[in-house]
Amino acid sequence: MNTKPCKVVVLISGNGSNLQALIDASAEGNFQVAAVISNKANAFGLQRAAAASITSHVIEHTQYDSREAFDLALQEAIEKHQPQLIILAGFMRILSAQFVKHFSGRLINIHPSLLPKYTGMNTHQRALDAGDSEHGASVHFVTEELDGGPVIARATVAIKDNDDADTLQQRVAQVEHQLYPAVVRTFAAGRVRFNNGLAIFDGMPIPAVGLDVNTLCS
Ligand code: GRF
């Protein structure tokens, strides 16, 4: 049993509702949000960090000549906090191979689809256009493949006949706010790990479709 809280750094670009869910869950004590970093100065999530007295940094990608130079500045800012976990929460930048390799096994992302379906953008509309009966969100370890790293856990919502992309997005966001803190708590407890390209839970490889929240919290 870990006694010290697991230090996490959260990367954002916008609203930060997932950041808020993580800040709220951190009050339970097994992880601590050491810092928030945004690539956009006007990200609302920065106000959420300030309201919770969490250190934040703005590192604007527009100030750097290349992706690699930006990622290096980001890496240095993260490492100052010596986090055990780096959490992408609506961070709208593709990360370089060097960055991903550097943080391999301690970098996670939340994506608004039931991966491996709908990597990339506009996932809610794409699920509606495909006539899917369900949609959701996935938390995965980040690898060099965009939205392609091993899935840790997923949460599902039923698609209703009268859904549009907005209503669906709102219900997916609600489950994201349960799912992400649950994954971080479980990682902080030492039960979730990345090993040899696989996500591991309690020593066993996690199936490709990930765990559900109930199993994660068992
Ligand atoms: C979420 O839908 C998340 O799945 C995606 O970006 C969105 C971030 O929303 N990666 P918020 O900034 O946490 O409100």
Side-chain angles (χ1 to χ4, degrees), residues 8-26 31 33 35-52 54 56-61 74 85-95 99-100 103 107-128 132 134-157 159 163-185 187 199 209-213 216:
V8 309
V9 167
V10 183
L11 271 51
I12 61 166
S13 300
N15 176 29
S17 67
N18 279 283
L19 166 67
Q20 188 66 57
L22 291 164
I23 291 171
D24 295 346
S26 71
F31 69 93
V33 182
V36 171
I37 302 178
S38 173
N39 66 315
K40 297 219 166 147
N42 63 355
F44 182 66
L46 290 168
Q47 294 184 38
R48 300 180 189 271
I54 295 168
S56 65
H57 310 278
V58 175
I59 305 178
E60 286 178 296
H61 60 277
L74 189 59
L85 184 65
I86 297 93
I87 301 175
L88 306 180
F91 185 67
M92 301 302 284
R93 296 286 304 164
I94 293 176
L95 294 160
F99 182 97
V100 170
F103 290 112
L107 183 59
I108 61 174
N109 180 45
I110 190 159
H111 182 74
S113 79
L114 296 171
L115 289 172
K117 269 191 167 181
Y118 311 129
T119 61
M121 305 292 283
N122 301 324
T123 58
H124 309 297
Q125 190 59 53
R126 287 158 68 198
L128 290 170
D132 291 355
E134 55 180 29
H135 188 46
S138 309
V139 177
H140 64 94
F141 282 109
V142 176
T143 61
E144 287 175 37
E145 195 189 334
L146 183 68
D147 301 326
V151 175
I152 300 167
R154 303 194 315 188
T156 301
V157 302
I159 294 181
D163 264 331
D164 59 24
D166 286 340
T167 57
L168 188 53
Q169 184 273 331
Q170 284 163 21
R171 286 207 314 291
V172 170
Q174 283 172 10
V175 297
E176 288 187 1
H177 301 159
Q178 307 299 316
L179 181 68
Y180 222 0
V183 170
V184 175
R185 271 194 291 265
F187 182 94
V209 293
L211 304 171
D212 60 32
V213 181
L216 200 61

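Counting starts at 1 for both ligands and their atoms, following the listed order. Side chains are part of it too, since the values below use all heavy atoms of this structure and drop only hydrogens, waters and symmetry mates.
The closest side-chain donor-acceptor pair between Q20 and D24 falls under 3.5 angstrom.
In terms of protein heavy-atom proximity, atom 10 (N) of ligand 1 is nearest to I110 O, 2.8 Å. Protein heavy atom closest to atom 6 (O) of ligand 1, with residue, atom name and distance, is G90 CA, 3.5 Å. In terms of protein heavy atoms, atom 2 (O) of ligand 1 is closest to E176 OE2, 3.2 Å. Remark: minimum distance from atom 14 (O) of ligand 1 to any protein heavy atom is reached at S17 OG, 2.5 Å.
Of all non-hydrogen atoms in T123 and P112, the two that sit nearest each other are OG1-O, 2.6 Å.
For the atom pair CD1 (I152) and OH (Y180), the distance works out to 8.0 Å, reported to the nearest 0.5 Å.
The nearest non-hydrogen atom to atom 9 (O) of ligand 1, considering only V10, N15, N18, comes from N18.
Side chains of T143 and P150 form a contact here, defined as non-hydrogen atoms less than 4.5 Å apart.
Just one of I12, L46, V9 meets the side-chain contact (heavy atoms from CB on, under 4.5 Å) condition when paired with I37; it is V9.
Taking a 4.0 Å cut-off on heavy atoms, G16 registers as neighbouring ligand 1.
Between N109 and ligand 1, a contact under 3.5 Å exists for no N or O pair.
Ring centroid separation for the pair H124 and H135 comes in under the 6.0 Å cut-off.
Here Q169 has no heavy atoms under 4.0 Å from ligand 1, in either its backbone or its side chain.
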